[in-house]
Q: 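Here you go, one structure.
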Amino acid sequence: MGRSRKHELDGEQVERLLAGAADASRPAEPLGEVVRVLRDAGLEPPSEAVAARHLAAIHAEVRRPSRPSTAAAPHRTPVRALIPRRLTAGVAGLTSVVALAFAGALPGVVQAAASDVLDVVGL
């Protein structure tokens with residue numbers, strides 16, 4: 001088994017490969033023939049027998065009665081279950097703001113207002 005060679009392709013070479021205009025004599029473009037064969041195979045229409053078989057399968061699938069869904073119904077979280085989450089988020093947010101104010105890391109006007117509030121609270 002031979003060693004594979006790694007070739008770096010630039011954008012221009014990729015465009016030529018995909019357009020089917022690759023030059024097989026260039027070192028990085030022997031892939032052009034493979035791309036051309038694959039592209040041509042995909043462009044060829046199916047035979048009448050294959051097309052008829054596909055259409056029959058599509059028709060049979062459409063006519064088959066639908067099966068009940070096995071997916072579970074969407075679950076809604078009750079509002080009462082959300083209260084502790086919201087409360088926790090609020091306390092965490094408030095704690096973060098107070099910590100930033102205590103450290104003096106808030107923007108000027110906000111820091112002044114927070115400082116006044118913290119003075120009233122006694123911190």
Q: Among residues two or more places apart or on two chains, list those pairs meeting salt bridge (Lys or Arg N to Asp or Glu O under 4.0 Å) that have a residue in residues 51-61.
A: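 Those involving residues 51-61 are E61-R64.
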
Q: Can you measure from CD (Q111) to CG (D116) and round to the nearest 0.5 angstrom?
A: 10.0 Å

Q: Could you give the distance from CD1 (I83) to OG1 (T88), rounded to the nearest 0.5 Å?
A: 11.5 Å

Q: Would you say that L55 contacts H59 through its side chain, given a criterion of any heavy-atom pair below 4.5 Å between the two side chains?
A: no

